[in-house]
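Excluded from the calculations below are hydrogen atoms, water molecules and symmetry mates; all remaining heavy atoms, backbone and side chain alike, are included. In this text the structure is predicted, and so the values were computed from the model without any measurement.
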Amino acid sequence: MQGKKDLLSQIALITFERGDYFFKRKEIEQYISDYIHHLPDAQNNPEALQLDSEAVLKSIEAQHGLLVERAQNIYSFSHLTFQEYFTAKKFVERADWQNLVSHITEYRWQEVFLLAVTMIKSADELLRLMKKKIDALIALDEKLQQFLIWVSQKSCSVEVPYKPVAVRAFYMGYDLDVFRVFARDLDLNLDAQLDIVLAFKLELPPNRDLKLELKLDRNLAIELYLDCALGLSVVRTHAFYLALDLAVDVAPELAQALEELKGQLLGLNSDTEIKEILKQWEEKKGQAWTEQLRAVMIKHRNIGHDWHFNEQQKELLEQYYEANMLLVDCLNSDCEVSCEVRQKIEDTLLLPICEIKE
């Protein structure tokens, strides 16, 4: 049985690395033949090897159901999970972490990482290599490093009862417009932004309602509503008024600046039925008003910066963000990781290289 597991791991690794989820019978039989050929006391007769490989394939198919014939002479693992499991198992057997982390930005490899970290006695080395690889993704891009510096500085400027990494995650996702698709409903938009923090699962002890607490933090809510007012024409006026209402009590200088901008809205509200008037206002004055609002946001809250990322930078930043989320999912799995390594990773998540080195 152990030999068949090793064989399945070999087949899984070869096919998964190639992105093959379906493979021809001849290919599998060749993989089996190569495996048998390297066993002690293996026969070197080609015909014997062929017969053996055919027998092994039939045995795996009949007895274990892990490989199934989907069409005539076309096979696959009976479930993708089995292919991912045996792929992870092969990496664990070899402790081949360098090759594994080379796939850190590929979405289809995420489950392999999650499986691998739970299979080993200590995940310290693998997690450290993952962190190093993730940081290196954007280490050489000066503008992206400046963005991370802003994320760090901004997160340090607010007083909230959450771990620093959670606040950094909040502002990074907030400024990346990760959840703009939820913008039609302001409350849903707020919830979606909070899910960025929830995704990191590091910010609060169990049984505390993060969404409720963060909704009650008016300063963070103001910034989320201002962001909606800045970039979403459909709901911008409603978002603006919500931000203004909250700012009156907690940020008087910001509220005064917003009051001046309020006069330019001519009483428009996103609930108005006069959509054509709203549309005309957007076309004639929307851009100028947006830039004024942006200037207010930068001055009073240090938010709303237009980073002018190119498409390559946007893609890199998205890969960096998703890879960090994968790393945290691994930390929060059933893996064995030392307290020292866990703390080091948490403390340096989403930080610019200059601060990590310090």
Side-chain angles (χ1 to χ4, degrees), residues 17 84 87-88 91-92 95-120 122-155 163-176 178 195-203 307 309-333 335-358:
E17 283 189 319
E84 293 168 335
T87 298
F91 277 105
V92 170
D96 191 7
W97 309 137
Q98 290 289 355
N99 281 332
L100 180 56
V101 298
S102 69
H103 299 288
I104 193 74
T105 60
E106 299 175 54
Y107 179 79
R108 69 186 189 90
W109 281 82
Q110 290 193 356
E111 192 62 29
V112 176
F113 279 95
L114 290 167
L115 288 165
V117 295
T118 60
M119 290 180 181
I120 47 184
S122 172
D124 285 5
E125 182 182 0
L126 175 54
L127 291 170
R128 278 196 296 257
L129 287 173
M130 289 174 66
K131 179 67 166 63
K132 183 178 180 181
K133 182 70 173 181
I134 292 169
D135 290 333
L137 289 174
I138 60 174
L140 300 180
D141 191 299
E142 184 176 348
K143 182 175 285 188
L144 295 183
Q145 287 298 306
Q146 286 299 316
F147 172 68
L148 289 186
I149 291 173
W150 171 81
V151 168
S152 176
Q153 292 175 344
K154 177 60 184 175
S155 65
K163 287 185 177 182
V165 60
V167 185
R168 290 197 297 273
F170 178 86
Y171 279 109
M172 185 173 182
Y174 159 85
D175 209 73
L176 282 176
V178 174
D195 282 344
I196 300 171
V197 187
L198 287 173
F200 276 76
K201 306 182 187 80
L202 296 170
E203 62 292 319
W307 295 96
F309 294 134
N310 59 38
E311 291 304 314
Q312 182 180 5
Q313 289 170 326
K314 291 178 182 178
E315 183 178 354
L316 273 176
L317 206 51
E318 183 176 353
Q319 290 178 349
Y320 173 81
Y321 188 80
E322 293 294 332
N324 270 293
M325 293 186 73
L326 171 61
L327 177 58
V328 173
D329 284 339
C330 288
L331 282 172
N332 291 331
S333 67
C335 71
E336 294 291 334
V337 54
S338 67
C339 294
E340 180 183 358
V341 170
R342 178 184 292 275
Q343 192 64 51
K344 180 66 174 179
I345 290 175
E346 288 186 16
D347 289 345
T348 57
L349 277 170
L350 304 179
L351 282 180
I353 293 297
C354 60
E355 292 187 35
I356 292 175
K357 290 181 178 179
E358 289 177 1

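- Side chains of Leu144 and Phe309 form a contact here, defined as non-hydrogen atoms less than 4.5 Å apart.
- Judged as a salt bridge (charged side-chain N to carboxylate O under 4.0 Å, His left out), and not counting sequence neighbours, the contacts of Lys154 are Glu223.
- With a 6.0 Å radius and a threshold of 12 heavy atoms from other residues, nucleotides or ligands, Glu336 has its CD atom at or below the threshold.
- The shortest heavy-atom contact between Met172 and Leu317 is CE-CD1, 3.8 Å.
- Nearest heavy atoms, Arg168 versus Val151: O-CG1, 3.5 Å.
- Looking at residues two or more places apart in sequence or on another chain, you find no side chain to side chain contact (heavy atoms under 4.5 Å, CB included) involving Ser102.
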Open item on the list: Please determine whether side-chain hydrogen bond (donor to acceptor under 3.5 Å, both in side chains) holds for the pair Asn332 and Asp329, giving the CA-CA distance in whole Å, both sets of side-chain angles, and the decisive distance to 0.1 Å.
Closed with: CA-CA 5 Å; Asn332 291 331; Asp329 284 339; 5.3 Å; no

- [ ] Could you check Val165 against Asp347 for side chain to side chain contact (heavy atoms under 4.5 Å, CB included), going step by step and ending with a plain yes or no?
- [x] CA-CA 7 Å; Val165 60; Asp347 289 345; over 6 Å; no

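- One finds the CG atom of Leu100 at 9.5 Å from the CG atom of Leu129 (value rounded to the nearest 0.5 Å).
- Rounding to the nearest 0.5 Å gives a distance of 9.0 Å between CH2 of Trp150 and OG of Ser155.
- For Lys143, the NZ atom sits in a packed shell: over 12 heavy atoms of surrounding residues, nucleotides or ligands are nearer than 6.0 Å.
- How far CG of Leu331 is from CG of Leu127: 5.5 Å, rounded to the nearest 0.5 Å.
- Between Leu126 and Trp97, the closest heavy-atom pair is CD1-CE3, 4.0 Å.
- Here the CD atom belonging to Glu106 is positioned 9.5 Å from the CD atom belonging to Gln319, to the nearest 0.5 angstrom.
- Here the shortest heavy-atom pairing between Val117 and Ile120 reads O-CG1, 3.7 Å.
- In this structure a side-chain-to-backbone donor-acceptor pair under 3.5 Å is present from Gln145 to Ile138.
- Evaluation of the side chain to side chain contact (heavy atoms under 4.5 Å, CB included) rule for Glu355 yields Ser152, Leu351, Pro352 as partners, not counting sequence neighbours.
- In this structure the side chain of Leu349 reaches within 4.5 angstrom of the side chain of Ile345, judged on heavy atoms.
- The minimum heavy-atom distance between Ile134 and Tyr320, with the atom names listed, is O-CD1, 3.4 Å.
- Shown here for Arg128 and Val341, the closest heavy-atom pair between the two residues is NH1-CG2, 3.2 Å.
- Side-chain contact between Leu326 and Ile104 is present, with at least one heavy-atom pair separated by less than 4.5 Å.
- Every residue was checked against the salt bridge (charged side-chain N to carboxylate O under 4.0 Å, His left out) condition with Asp141, not counting sequence neighbours, and none meets it.
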TODO: Could you check Ser122 against Val337 for side chain to side chain contact (heavy atoms under 4.5 Å, CB included), going step by step and ending with a plain yes or no?
DONE: CA-CA 6 Å; Ser122 172; Val337 54; over 6 Å; no

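- Note: Lys131 NZ to Cys330 SG = 14.0 Å, rounded to the nearest 0.5 Å.
- In this structure, the separation between CD on Glu346 and SG on Cys339 is 10.0 Å, given to the nearest 0.5 Å.
- No side-chain heavy atom of Lys133 sits less than 4.5 Å from a side-chain heavy atom of Leu327.
- Under the ring-ring contact (aromatic ring centres under 6.0 Å, His included) criterion, Trp109 pairs with Phe16, Phe91, His103, sequence neighbours left out.
- Listed by chain and residue number, Lys314 satisfy the salt bridge (charged side-chain N to carboxylate O under 4.0 Å, His left out) test with Glu311 (two or more places apart in sequence, or in another chain).
- No donor-acceptor pair under 3.5 Å is formed between the side chain of Glu315 and the backbone N or O of Gln312.
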